[in-house]
Amino acid sequence: MAYIALMASPKTSRKAASSASNDETRQRIAGAAVDLIGQFGAINHDAVAEHAGVSRRTVYRYFPDQTALLRGAREHVQGMIGPNVRMPESESDLIDQLDDIYTGFDRIEAVSILMRTTPQGRAIRLADRDKRQARYRAATADAVKDLPEPDQRIATAMLQFLHTTAWLEMHDQWGLSGEEIARSCRWAMKTLLADLRARGGRPLDEEPGA
C-alpha cells in the first residue's frame, strides 16, 4: 500500500501543479482584461493577449468567445472587491453583503469608477445581465410576490440598485465612505422590504395602507 501511495504521489503533485498553473494563467488573462478598462478601444482577445503577454490562442483556450472574456473580467473584479462578494442567493444576502461590497468598492476605487463610467466597464457589467436579473429575481421573490407586474420588476431593480449600484453617486457627490454608503443602503433596503410586505398586492404608486 505504501508503494502504491508513493507511486501515485508524483502524478497527484503534477496534476495539482498543472491546475495551479492553469488558474494562474486564467487570472493573468482576466487581470489583463481589467487593466484595459478605460483605455482606447474594445476589450477583445487580441488586445488582452498582447497586454497579458500570451498568445491569442491561449486567451481563446480559457475564454472561447467575447462574452466569456467579459465575464472573466467581471469575476476578476469581483475577486478584487472581496472573497465574500457574489450575486445574492437569498433576501438576507441583500442586507448582509452590503458592508463587504461597498467597502470593497472603496478599496479598489479607481477600478470601481472605471467599471461605471467607461464603455468597457459597461460592457463587462452587461455581459452577465441575464444571470444578474435571474439571481435578483430569485433573491427578492418572496418580498415582491404579491405585487402586480411590472411592479415586481421595478421593485427588484430598486433593491438591486441599493445592493450594488449606489456607490458612485454617493461617493462622488457626498464624499461618503463605503461603510457610510452600506449603512444608508441597509436602512433604505430594510425600509423598502418592510413597505413591500405591508402593501401586499397594492401597486407601488399607492400607499401601503390605502
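Small disclaimer: the values here were computed from a predicted structure and weren't measured. Computed over heavy atoms, backbone and side chain alike; hydrogens, waters and symmetry mates excluded.
Legend: residues meeting side-chain contact (heavy atoms from CB on, under 4.5 Å) with I108, ordered by chain and number and at least two apart, are V77, M80, I81, V111, S112. Considering only residues two or more places apart in sequence or on other chains, N44 meets the side-chain contact (heavy atoms from CB on, under 4.5 Å) condition with D46, A47, Q66. Every residue meeting the side-chain hydrogen bond (donor to acceptor under 3.5 Å, both in side chains) condition with R71, not counting sequence neighbours, appears here in chain and number order: D128. A search for salt bridge (charged side-chain N to carboxylate O under 4.0 Å, His left out) contacts involving R137 returns E149, not counting sequence neighbours. D205 meets the side-chain contact (heavy atoms from CB on, under 4.5 Å) test with P203; sequence neighbours excluded. Scored by the salt bridge (charged side-chain N to carboxylate O under 4.0 Å, His left out) test, R132 finds no partners at all (sequence neighbours excluded). E75 is linked by a side-chain contact (heavy atoms from CB on, under 4.5 Å) to R26, counting only residues two or more places apart in sequence or in another chain. Taking E50 as the reference, nothing meets the side-chain hydrogen bond (donor to acceptor under 3.5 Å, both in side chains) condition, with sequence neighbours excluded. Partners of T117 under the side-chain hydrogen bond (donor to acceptor under 3.5 Å, both in side chains) rule, at least two apart in sequence or in another chain, do not exist in this structure.
Here the CD1 atom belonging to I113 is positioned 5.5 Å from the CG atom belonging to D172, to the nearest 0.5 angstrom. With rounding to the nearest 0.5 angstrom, the CG atom of L94 is 6.5 Å from the CG atom of L159. E206 CD to L204 CG: the interatomic distance, rounded to the nearest 0.5 Å, is 9.5 Å. The CZ atom of F161 lies 7.5 Å from the SG atom of C185; values are rounded to the nearest 0.5 Å. The line from CD of E180 to OG1 of T103 is 12.5 Å long, rounded to the nearest 0.5 Å. For the atom pair CG (D100) and CZ (R86), the distance works out to 9.5 Å, reported to the nearest 0.5 Å.
Checked by atom type and distance alone, the side chain of D93 pairs as donor or acceptor with a backbone atom of E89 at under 3.5 Å. Although no hydrogens or angles enter the test, the distance criterion places a donor-acceptor pair under 3.5 Å between the side chain of R202 and the main chain of P208. Q152 places a side-chain N or O within donor-acceptor distance of the main-chain N or O of L147, the cut-off being under 3.5 Å.
Put simply, the side chain of R61 reaches to within 4.5 Å of the side chain of N22, judged on heavy atoms.
Between Q120 and L36, the shortest heavy-atom contact is NE2-O, 4.0 Å. Counting all heavy atoms, side chain and backbone alike, A143 lies closest to L196 at O-CB, 3.5 Å. In terms of heavy-atom proximity, G201 sits nearest to P148 at O-CD, 3.5 Å. For the pair A73 and I124, the tightest heavy-atom approach, listed with the atom from each and the gap, is CB-CD1, 3.8 Å. Minimum heavy-atom separation, L70 to A127: CB-CB, 3.7 Å.
A 6.0 Å sphere centred on CD of E179 holds no more than 12 heavy atoms belonging to other residues, nucleotides or ligands. Annotation for M158: atom CE does not count as buried by contact number, only 12 or fewer foreign heavy atoms lying within 6.0 Å. Residue R153 places its CZ atom among 12 or fewer non-hydrogen atoms of other residues, nucleotides or ligands, all under 6.0 Å distant.
With 3.5 Å as the limit, one finds a donor-acceptor pair spanning the side chains of H171 and E109. Checking Q78 against R74 by side-chain atom types alone, a donor-acceptor pair falls below 3.5 Å.
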N/O donor to acceptor pairs below 3.5 angstrom from side-chain atoms of residues 163-170, sequence neighbours left out:
unit_1: H163; atom_1: ND1; unit_2: Y136; atom_2: OH; d: 2.6
unit_1: H163; atom_1: NE2; unit_2: Q97; atom_2: OE1; d: 3.0
unit_1: T164; atom_1: OG1; unit_2: Q160; atom_2: O; d: 3.3
unit_1: T164; atom_1: OG1; unit_2: Q160; atom_2: NE2; d: 3.0
unit_1: W167; atom_1: NE1; unit_2: D106; atom_2: OD1; d: 2.9

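Among residue pairs with one or both ends in residues 181-198, those qualifying as side-chain hydrogen bond (donor to acceptor under 3.5 Å, both in side chains) are E91-R197, D99-R186, D142-R197, D195-R199; sequence neighbours excluded. Applying the ring pair (Phe, Tyr, Trp, His ring centres under 6.0 Å) definition to pairs two or more places apart or across chains, those involving residues 58-81 are H45-Y60.
Hydrophobic clustering keeps L126 apart from L114 (ILVMFWY residues linked when any side-chain heavy atoms are closer than 4.5 Å, directly or through intermediates). By the criterion of side-chain heavy atoms lying less than 4.5 angstrom apart, applied directly or through intervening Ile, Leu, Val, Met, Phe, Trp or Tyr residues, V144 is not grouped with M87; the two fall into different hydrophobic clusters.
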May I have the step-by-step check of side-chain contact (heavy atoms from CB on, under 4.5 Å) for F105 and R116, ending in yes or no? CA-CA 11 Å; F105 286 169; R116 286 156 180 79; 3.0 Å; yes
Run the side-chain contact (heavy atoms from CB on, under 4.5 Å) check on D65 and L69 step by step: do they pass? CA-CA 6 Å; D65 56 39; L69 182 61; over 6 Å; no
